[in-house]
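Report on the structure given below.
Quick note on labels: first sequence line is chain A, next is B, and so on, each numbered from 1.
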Amino acid sequence: MTLEADPVEELVALGIAADLSGAARRRLATIARIEELPAGKVVLREGQPTLELGVVLDGRVALQTHLPGRADLTLMTLDRGDIFGWSAALGDPSTSSVVAQVPTRAVLLERDGLLDALAADTEFAAVIYRRLFQAVTSRLVATRLQLLDLYASAEGRA
Amino acid sequence: MTLAAATSGRTAVPARPRIAIVKFASCDGCQLTLLDLEDELLAIAERIDLVEFAEATSQRSSGPYDVLFVEGSVSTPEQAEEIVRLRAASTLLVTIGACATSGGIQALRNWADHDLVRAAVYPDPTMVDSLATATPIADHVAVDAEIRGCPISPAQLREFVTALLVGRRPGLPDEAVCAECKRRNIVCVAVARGITCLGPVTRTGCGALCPAYGRGCYGCFGPRESANGPGLARWLERDLPPADVARAFALFNAWSPPFRTVIDEAGGPPGPIDGRPTPEASDAHH
Amino acid sequence: MTTRPEPPVAHDDPPRFLPRAELDRLFGALRATGRTVIGPTIREQAVTYDQIDGTDDLPIGWTADTAPGTYRLTRNDGVRAFDYGIGPTAWKRYTHPPRIPLTVSAPSPVGPTVAPVTPDAPPLAFVGVRACELAALRIQERVMRAGPAGDVDHAARRDAALVVAVECAVAGSTCFCTSMGTGPEVGEGADIVLSELDEGFVVRAESGPGQVVVDALRVDAASDDQTGRATAQVAELRETMGDPVPTAGLPERLRAAIDHPHWAEIAERCLACTNCTLVCPTCFCTSVGVASDLDGQAATTDRTWDSCFSLGFGRVAGDANFRPRVADRYRQWLTHKFSTWWDQFGSSGCVGCGRCIAWCPVGIDVRAELLAVAPPHAPAGPIPWPVAPPDGHAPAPLATVEPARYVETEVTDVRRETNDTVTLRLATDDAALLAAQPGQFVMVAQPAQSAPPISISRILPDALELTIRHVGPATASLTAARPGGRFALRGPMGRPWPIDEARGRDVVIVAGGIGLAPLRPVLDAVLRDRPRFGAVRIFHGARTPADRLFVPELAALAGRVDVEFAEIVDRAGPDWFGRVGVVTQLFEHATWAGAGATAFICGPDRMMQATVRGLAAHGLSADRTWVTLERNMACGVGLCGHCQLGPYFVCRDGPVFSVAELGDAFTTEGL
Amino acid sequence: MHTTEQLSGGPDVADLTIDVRNLTRVEGEGSLHLQVRDGVVESARLEIFEAPRYFERLVVGRTMDEVIDIVTRICGICPVAYQMTAVHAAEAAFGIDVDPAVAALRRLFYCGEWIESHALHLYLLHLPDFLGYPSALDLARDHRSAVEGGLRLKRAGNHIVATIGGRAIHPVSVRVGGFSRILRRDEIRALRADLEEALGLAEATIDLVATLQPPTFRRDMRLVALRDPSAYPMNHGRIVSNDGIDLAADAWESLFDEHQVAWSHALQAHAPDGRPYLLGPAARVTLDGDRLHPRAAAALDRLGLADEIAHEPHWSIAARAIELVHAVAEAIDIVEAYEPPLEAAVAWRPRAGRAAWATEAPRGMLFQRFDLDEGGCVTDARIVPPTSQNQAAIEADLAAFAPTVLERPRAEVTHLMEQLIRSYDPCISCATHFLDVQVEELS
């Protein structure tokens with residue numbers, strides 16, 4: 001396997017695991033794996049247990065919500081470096097469905113191992129929670145901009 | 001639908017619109033203003049279908065109308081029903097004049113005990129069927145545009161009709177009378193002569209008529225945008241008792257909120273009537 | 001016509017003396033030069049400047065008591081003609097009239113034509129111009145000639161006026177010229193200067209035309225005693241007036257007070273009635289009105305005085321408004337007069353005449369408000385934008401004054417981009433139009449419509465393309481245009497994108513919605529000359545897939561290997577397989593370094609602000625991050641005042657700005 | 001026009017019910033109630049239900065200058081009449097003598113309103129009846145120059161009112177003691193050109209009227225108008241009639257009275273003997289013909305309809321034409337002679353008392369009375385517009401006219417009824433009435 005095939009190295013490269021000590025990285029390695037997600041693969045389903053927390057390496061996944069009687073609505077798409085499934089870190093059910101929009105490579109951290117690690121290793125927890133918090137913040141900003149209707153304009157000039 | 005929409009080409013106001021002019025409680029002066037466009041009347045008549053205008057033609061139509069001009073305020077139960085019917089029959093509803101836009105001079109009765117008022121004029125009030133209040137059209141149905149004034153200005157009516165036919169936004173500025181006063185080089189009657197003038201809180205459109213004739217503006221075009229009635233009242237009360245300040249505001253647009261605030265703070269309009277609005281009056285506005 | 005030619009110099013001979021009884025000689029001599037005399041006379045219980053015939057029309061024996069909100073004409077029973085306090089009329093009424101015709105449209109076989117109206121400037125003589133008023137004439141002349149194209153009407157009227165100034169011997173309680181450095185001594189710009197003594201007038205010629213009039217008086221030289229008393233009387237006046245407004249550091253103090261709570265307090269009293277601005281001798285803002293016949297064929301536009309206190313002044317198409325609150329409008333006026341005027345024109349906008357104090361119907365005293373909002377020695381807070389008067393960024397150069405040009409163009413192609421947006425190709429052989437730069441705009445004139453500013457979305461050898469969204473009546477008829485239709489264009493206007501500055505550097509282009517249109521010429525220029533640029537990254541966001549402009553060109557971009565192109569939409573249906581989200585996500589996790597790159601950004605304000613923040617995080621420097629701003633650009637050349645943003649006229653100094661230039665002006669509400 | 005007709009009581013066409021709503025081409029809205037049984041008119045009522053506006057109440061507590069601004073809002077067609085009556089009442093009560101130039105201006109002001117109001121009614125409201133058109137706008141398609149002439153005549157009247165009062169409707173310059181500013185000579189002289197043209201148009205109107213053929217309907221009617229010792233009545237005069245009434249204008253209430261009827265929001269005025277009376281152009285031309293301007297007197301001779309004007313309501317159009325000539329000719333005289341007053345208005349002090357006056361509105365005598373407190377504020381008011389005084393006379397004429405046309409097709413009957421009502425130029429806004437031609441169901 002090449003280096004980039006190592007999930008921890010990938011996460012370090014993305015900055016997500018860069019601040020982790022060696023011990024914490026080893027702990028991470030025990031719960032992280034890289035997976036190839038074929039287009040259309042449903043990684044997480046809205047309302048179901050969030051069994052994995054994921055980070056996109058290549059490709060693209062869509063966050064979708066189900067509208068009864070209508071096609072699922074894509075709320076947002078995620079690219080390299082974006083985190084999904086963070087409910088896993090809380091043990092909560094998934095707040096949206098996550099679907100691979102194109103063939104996608106992602107690092108997946110399985111939930112139970114993640115919860116154990118967060119509970120057992122405060123240094124690990126501090127770094128991971130900080131990353132998750134950053135992800136939540138930028139997602140909130142993006143959502144706010146969508147609410148504001150980013151492209152609404154009163155301009156007379158075209 | 002708003003006037004902006006109507007004149008932005010988004011809304012179907014056809015090249016030859018069906019136009020109706022109706023009146024409620026009013027003096028007829030605003031609809032007569034159309035007949036006062038002596039030089040353009042016939043040319044305008046050739047470009048529109050004047051399908052309802054009892055003042056001028058025996059042809060009648062109960063709708064539908066592309067544009068409905070409404071004069072007068074709602075003062076009887078029948079009128080309160082009729083305006084709803086007319087709104088439904090009209091694409092664009094335009095109020096013309098102070099009565100339709102803010103209630104008019106008759107809205108002064110909104111502060112009074114209706115039975116007292118009625119009894120003062122009619123020996124047997126029970127024969128007279130009227131509401132306790134005279135209220136603006138916008139209190140009853142959605143209004144798309146206002147042409148202000150008591151009465152409206154012929155020039156503004158001409159501009160409105162032209163803009164409607166040409167498809168542009170009518171130039172009906174919402175600035176203060178003062179702006180036109182200064183452009184016309186009329187010396188400010190308030191500053192130079194200490195005359196009470198509502199110009200600073202009143203919408204232009206008259207061409208600064210009253211100051212040009214040596215008297216203070218009496219607010220017949222109603223409040224302008226961001227009219228600071230209390231601000232002007234505080235200044236006037238340096239020389240006048242509050243009752244006389246209220247007197248100045250208590251005319252044709254007394255019931256418009258910026259003016260009403262001043263009148264209410266002074267305990268109501270002149271006259272030996274209960275200064276507080278009747279329940280119906282306050283309901284009528286909220 | 002170029003800037004006003006220097007008049008021949010006056011001979012260097014001593015002042016003359018005109019006995020009081022002979023004052024009518026002056027009027028005779030002025031009329032002999034073919035001029036109508038405008039001077040002080042009493043009308044409607046005030047001293048106004050109207051046409052006068054002679055001495056009998058002067059307010060001899062009258063003066064005025066002024067105070068905040070009051071002006072009272074009072075007898076002083078003196079013999080003097082010029083001891084009256086300044087009245088409501090400002091001379092701008094004659095150099096910058098309240099209403100002038102601008103254009104005339106007439107039907108013609110090839111469609112309606114639009115032609116500018118050539119000014120009709122009668123030769124006038126202004127008698128009784130005070131020192132502060134002379135300063136105001138100088139300031140307004142600077143304003144009306146600044147920028148890319150000065151005002152031809154003002155130039156003609158000012159050039160046709162001969163100024164007879166009078167040195168003040170008395171001052172009103174509202175006067176503060178001493179603080180503003182404009183009086184009481186008469187400064188430059190007069191043709192003749194009078195100093196009034198009880199027995200008559202000391203007369204100095206200060207220009208060739210003035211000398212001609214003075215010679216025609218045929219009066220003797222003034223005695224040393226008379227000139228001495230004239231000098232002494234104005235010196236004495238200066239003493240009595242003192243220095244009521246501490247102006248040291250005032251522009252900076254006002255800047256630092258941009259968020260002062262006192263603005264809201266003033267708004268409680270301020271009626272936003274516009275009186276202060278319309279009596280002000282330097283306020284110059286105007287709006288254009290349209291009138292037409294019932295068919296919209298024969299139409300005229302005229303230009304009338306407007307004011308930053310009227311709501312409509314800050315309104316743009318779609319009825320958004322830059323200064324919705326009265327507090328915003330008062331702040332705009334006061335900070336413009338005393339602070340940003342320096343940035344724009346290299347001087348204060350106030351001459352201390354006190355008209356705004358006396359003629360405010362609720363007696364708001366600008367002197368008191370200045371002390372309240374920006375007291376002397378106030379802690380100098382952060383400067384909200386990076387220019388520091390009085391030596392701040394150089395005021396716009398004086399313009400070559402020529403009448404507005406309207407070039408008839410013909411629609412040769414109409415492409416519907418979205419349900420509310422079309423791209424028009426307008427053929428022209430006009431060299432000036434075809435020399436347009438990316439980022440510039442044109443004013444599109446149609447009879448019976450206001451002329452909206454429209455960005456150029458492509459520059460071709462024989463045509464310009466304009467991409468227009470239907471947001472109001474004027475754009476409605478433009479988006480309804482058909483091939484063969486004709487429109488008159490004015491321009492090109494505005495400051496272009498600094499493309500040359502980006503050569504040799506990485507380029508980041510971020511477009512949101514309709515904002516892609518003004519950036520399209522940048523793409524053209526960069527791709528035409530691709531090797532001369534570093535990495536080129538293009539990020540495009542739209543509300544929905546259906547709102548994407550230039551779809552074929554976007555597809556072509558996506559296919560190029562020599563640019564990085566990504567796009568994203570806010571909302572999408574199941575048939576969209578691209579990215580969903582906001583445009584900032586396109587580079588949020590990108591690993592490229594932005595330091596040294598140049599960014600060109602255009603889109604709605606919110607999108608640009610989010611993008612600027614996002615790019616800053618990638619290390620792009622504020623002085624290489626360029627945005628193009630939206631304002632109510634009415635005249636297009638910085639003369640109407642509508643598009644002011646802090647120290648800038650968006651139409652003249654922009655619409656393209658670097659984020660560094662804008663500073664907080666980019667994000668301050670109500671500015 | 002919404003017209004329903006019902007036959008009832010069998011085939012006898014003399015029993016009929018007509019229902020026409022919203023009579024057109026009158027100021028304001030209203031209806032006629034007509035019931036015919038066995039060919040006999042059982043009732044003919046002018047029903048007036050326009051929303052009441054309570055002006056008598058609105059002016060309480062107001063100064064007389066405010067009253068001038070308020071009462072003018074009673075009517076958009078004759079605002080000057082309301083202002084003139086109120087200002088004269090106030091000046092009489094406060095003992096004010098105005099400058100002769102002010103008095104002349106006010107008469108010119110009134111001439112302007114007569115011209116505007118008469119031209120409006122004659123050309124735009126009434127003439128279409130005689131020529132068989134639904135409106136003057138339709139009439140203009142075939143007789144454009146006539147309608148244009150009428151509009152220019154109307155414009156000349158509006159021009160006078162706008163020059164003196166600032167605008168044609170609800171002018172602003174009338175103040176107790178004079179005007180709000182001095183009208184300069186050049187402003188007044190500027191009216192000259194319009195009026196010269198208007199005089200030609202007014203005299204052409206006489207020739208036009210001479211060609212008309214109204215229905216024949218003749219009756220004797222009590223005619224009441226003011227009589228001014230020295231002039232055709234406008235701002236001054238005693239109340240006189242063709243059957244001997246003669247009393248001071250401020251004594252109106254001593255003879256006449258108003259009472260309320262169930263079918264009207266306008267109080268009907270009556271003389272003590274209950275005999276209806278008619279006000280307006282026909283009454284004035286008949287009672288004050290000897291005071292007409294020479295040009296108007298000549299026009300009347302040429303027209304030769306003095307007797308018809310006195311006895312045939314349809315010929316009121318001729319009386320209006322005569323008064324158009326008079327008003328234009330007199331206006332020219334006043335403009336010619338005008339010299340501005342020394343001051344816009346004389347100083348005055350309010351005093352307690354009774355302010356009562358009558359003037360001649362275009363439609364007839366308008367009476368106003370205000371009781372004033374020491375501060376000059378109104379404590380009680382009475383306003384009696386001409387139309388509410390004419391109401392009883394109109395109803396009497398309708399009752400008398402109906403039987404003469406009952407045999408005709410009903411649509412025509414309806415039209416003839418409307419035409420007759422229009423011939424009185426009822427100002428429904430003044431009388432705050434709602435006119436509505438409808439007929440009682442026959443049981």
Side-chain angles (χ1 to χ4, degrees), chain B residues 23-33 35-36 38-39 41-42 45 50 54-60 72 75-76 79 104-106 108-109 112 116-118 120-124 127-130 134 150-151 153-154 206 209-210 212-215 218 220 247 251-252 269-273, chain D residues 1-2 22-25 27-29 49-58 60-62 66 69-70 73-77 79 120 124-125 128 134-138 140 144 147-148 151-152 154-155 158 165-170 172-173 175 179-181 259-260 262 265 267 344 377 418 429:
Chain B
K23 71 162 263 165
F24 293 112
S26 64
C27 76
D28 284 38
C30 292
Q31 51 181 317
L32 276 167
T33 303
L35 302 182
D36 278 357
E38 287 99 358
D39 298 335
L41 179 61
L42 297 182
L50 198 53
E55 182 81 46
T57 172
S58 296
Q59 284 163 338
R60 311 303 303 272
S75 308
T76 69
Q79 292 174 341
I105 186 73
Q106 58 270 21
L108 284 172
R109 82 163 183 257
L116 288 180
V117 173
R118 208 160 29 173
V121 180
Y122 297 99
D124 180 356
M127 292 185 196
V128 179
D129 187 14
S130 81
C150 183
S153 123
C206 60
L209 182 58
C210 286
Y213 273 75
R215 58 176 293 188
Y218 61 6
C220 71
R247 186 179 283 279
L251 286 168
F252 328 105
I273 52 183
Chain D
M1 143 167 43
H2 316 300
N22 293 10
L23 195 73
T24 57
R25 280 183 283 129
E27 292 85 12
E29 297 152 303
F49 294 120
E50 176 154 322
R53 292 165 69 209
Y54 304 112
F55 277 89
E56 285 90 341
R57 196 77 179 84
L58 299 183
V60 171
R62 296 295 194 159
E66 290 175 307
D69 293 334
I70 293 172
R73 264 70 188 182
I74 292 174
C75 178
I77 297 132
L120 168 70
L124 297 187
L125 308 186
S135 81
L137 303 178
D138 302 284
R144 193 180 182 99
V147 175
E148 281 176 343
L151 286 167
R152 285 206 301 281
K154 177 171 174 294
R155 187 184 61 190
N158 278 335
R167 60 185 171 195
I169 301 174
H170 304 333
V172 302
S173 65
R175 304 282 80 187
F179 286 95
S180 57
R181 77 164 168 85
H259 63 263
Q260 189 176 11
H265 285 178
L267 303 172
C377 290
E418 283 199 271
S429 312

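- For R247(B), the side-chain hydrogen bond (donor to acceptor under 3.5 Å, both in side chains) partners at least two apart in sequence or on another chain are D244(B), E66(D).
- Considering CD1 of I105(B) and CD1 of I70(D), their distance stands at 4.5 Å, rounded to 0.5 Å.
- Using a 4.5 Å cut-off on side-chain heavy atoms (C-beta onward), R167(D) and P154(B) make no contact.
- Contact detail for I77(D) and E55(B): the closest heavy-atom pair is CD1-OE2, 4.4 Å.
- At a threshold of 4.5 Å between non-hydrogen side-chain atoms, the residues D36(B) and L120(D) do not count as touching.
- Looking only at side-chain heavy atoms (C-beta outward), Y54(D) and Q106(B) stay at 4.5 Å or farther from each other.
- Counting only heavy atoms from C-beta outward, the side chains of L137(D) and L41(B) approach each other to under 4.5 Å.
- Counting heavy-atom pairs closer than 4.5 Å to chain D, the top-ranked of the candidates A134(B), C210(B), C150(B), A212(B) is C150(B).
- Taking CZ from F179(D) and CZ from R215(B), the interatomic distance works out to 12.5 Å, rounded to the nearest 0.5 Å.
- Rounding to the nearest 0.5 Å places CD1 of I169(D) at 4.0 Å from OG1 of T33(B).
- Proximity of R73(D) to S26(B): side-chain heavy atoms (C-beta onward) are nowhere separated by under 4.5 Å.
- Interface remark: A25(B) contributes backbone and side-chain atoms alike to the contact with chain D (heavy atom separation under 4.5 Å).
- Comparing G214(B), C206(B), P151(B) by heavy-atom pairs within less than 4.5 Å of chain D, the highest count is held by P151(B).
- Here the straight-line distance linking atom CG of L32(B) with atom NZ of K154(D) works out to 7.0 Å at 0.5 Å rounding.
- Using a 4.5 Å cut-off between heavy atoms, S153(B) makes no contact with chain D at all.
- Among all heavy-atom pairs drawn from G61(D) and P270(B), the shortest one is O-CB, 3.8 Å.
- Annotation for A56(B) and S135(D): closest pair O-CB, 3.3 Å, computed over non-hydrogen atoms.
- Using a 4.5 Å heavy-atom threshold, the side chains of C220(B) and H170(D) count as separate.
- For R175(D), the part sitting under 4.5 Å from any heavy atom of chain B is the side chain, from C-beta outward, and nothing else.
- With sequence neighbours excluded, the residues satisfying side-chain hydrogen bond (donor to acceptor under 3.5 Å, both in side chains) with E148(D) are R144(D).
- Figure legend: cation-pi geometry between R181(D) and Y213(B), with NZ or CZ positioned under 6.0 Å from the six-membered ring centre and within 45° of its axis.
- Contacts between D138(D) and chain B at a heavy-atom distance below 4.5 Å involve the side chain alone, from C-beta outward.
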